[in-house]
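Down below is the structure, laid out as structure tokens.
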Amino acid sequence: LEDVSIFGEHFDEGLALGGMQDGLFTLSRGSLERHDRAERLTLGGTVGAGWALDMQLDTYGFRLERMNALEGVPVEGDLLLSARLGNTLFVPDPKGQLVTSGMRFADRALPDSIALFESTDGKLRLDASLLDKAIRTRGTVPLYSGDPYLLRAELDMLKRAFRRHCLETL
């Protein structure tokens, strides 16, 4: 595989090894790499009868400052995605986590963040603790339709941190 783009992120090279046996397709090794193999996305698992999907998706070595979607944003840090993909090949239901660590924005250190997600019936349920719980958000996001989404955020810790910062700088 060469010159692959997924959700706006470009990968220079990749590999896919798989086969079909008794109506079950097995992707034994799938990977996409970029930045001289410093960043890698892996995918493996099966597609069975009725397009039943059972795959694992993981990232390794991803850095925020190298993300195409964040080009020009003064952010850096590690990004980890781990997700199980179920349901069907054409309507996958992901379940997993997205984690950022060692983050800096405009040369200022930021606390870690974690977002847990799972989906059923084309709706992704999200439970995120951002910036070491300064922001908590929960909600649903439609994956395959133009339906409205709903996110609720609790900003109490962020409000307290902002007040403390303002008092410290006076």
Within the structure provided, determine whether Leu126 and Leu116 are in side-chain contact (heavy-atom separation under 4.5 Å).
no

Indicate the atoms forming the closest heavy-atom contact of Val91 with Asn87, along with that distance.
O-ND2, 2.7 Å

Is there a continuous path of hydrophobic side-chain contacts, each under 4.5 Å between heavy atoms, that joins Phe11 to Tyr60?
no

Please check if Val4 and Met67 belong to a single hydrophobic cluster, counting links between Ile, Leu, Val, Met, Phe, Trp and Tyr side chain heavy atoms closer than 4.5 Å.
yes

Does Tyr144 reach the main-chain N or O of Pro92 with its side chain, forming a donor-acceptor pair under 3.5 Å?
yes

Could you tell me whether the side chains of Ser31 and Glu13 share a donor-acceptor contact shorter than 3.5 Å?
no

Inter-residue atom distance Leu79.CG - Leu70.CG, 0.5 Å rounding:
8.5 Å

Asp12 CG to Asp3 CG distance, which is reported to the nearest 0.5 Å
7.0 Å

So CG of Leu143 and CZ of Phe117: to nearest 0.5 Å the spacing works out to 10.0 Å

Hey, what do you get for OG1 (Thr100) to CG (Leu130), rounding to the nearest 0.5 Å?
7.5 Å

Among the clusters formed by ILVMFWY side chains lying less than 4.5 Å apart, do Leu110 and Val73 turn up in the same one?
yes

Output, in order, the C-alpha distance, side-chain angles, deciding distance and verdict of salt bridge (Lys or Arg N to Asp or Glu O under 4.0 Å) for Glu39 and Arg63.
CA-CA 8 Å; Glu39 295 182 349; Arg63 298 284 302 166; over 6 Å; no

Leu64 side chain reached by Met103 side chain, heavy atoms, under 4.5 Å
yes

Hydrophobic cluster membership, with links at side-chain heavy-atom distances under 4.5 Å among I/L/V/M/F/W/Y: are Leu85 and Val99 in one?
no

Determine, for Asp93 against Arg84, whether the closest basic-nitrogen to carboxylate-oxygen distance falls under 4.0 angstrom.
no

Got a second to check how far Leu53's CG is from Thr46's OG1, nearest 0.5 Å?
7.5 Å

Quick one: closest heavy-atom pair of Arg66 and Gly61, and the distance?
NH2-O, 3.1 Å

Closest non-hydrogen contact found for Glu65 with Gly77 is OE1-N, 3.0 Å

Passes side-chain contact (heavy atoms from CB on, under 4.5 Å), Leu98 versus Leu80? Steps please.
CA-CA 6 Å; Leu98 181 68; Leu80 172 74; over 6 Å; no

Flag yes if more than 12 heavy atoms outside Arg37 fall under 6.0 Å of its CZ atom; otherwise flag no.
no

Between atom NZ of Lys133 and atom CG of Asp112, what is the distance when rounded to the nearest 0.5 Å?
12.0 Å

Kindly determine whether Arg40 and Asp58 satisfy salt bridge (Lys or Arg N to Asp or Glu O under 4.0 Å), including the steps that lead there.
CA-CA 8 Å; Arg40 184 175 74 234; Asp58 293 294; over 6 Å; no

A side-chain contact here means heavy atoms from C-beta on lying under 4.5 Å apart; do Leu57 and Leu81 qualify?
yes

So, does Ser119 use its side chain to make a donor-acceptor pair with the main chain of Gly122 at under 3.5 Å?
no

Side-chain donor/acceptor pairs under 3.5 Å, residues 19-30, sequence neighbours excluded:
residue, atom, partner, partner atom, Å
Ser28, OG, Leu17, O, 3.0

Decide, yes or no, whether a salt bridge links Glu9 with Arg34 under the criterion of side-chain N to carboxylate O below 4.0 Å.
yes

Partner set under salt bridge (charged side-chain N to carboxylate O under 4.0 Å, His left out) for Glu76, not counting sequence neighbours:
none

For Gln56 and Gly45, indicate whether the former's side chain and the latter's backbone hold a donor-acceptor pair under 3.5 Å.
no

Give a yes or no answer on whether the side chain of Glu118 reaches the backbone of Gly96 with a donor-acceptor pair at less than 3.5 Å.
no

So, for Asp132 and Pro111, which heavy atoms are closest and what is the spacing to 0.1 Å?
CB-CB, 3.2 Å

Is there a path of hydrophobic side-chain contacts, each under 4.5 Å between heavy atoms of I, L, V, M, F, W or Y residues, that connects Ile114 with Phe62?
no

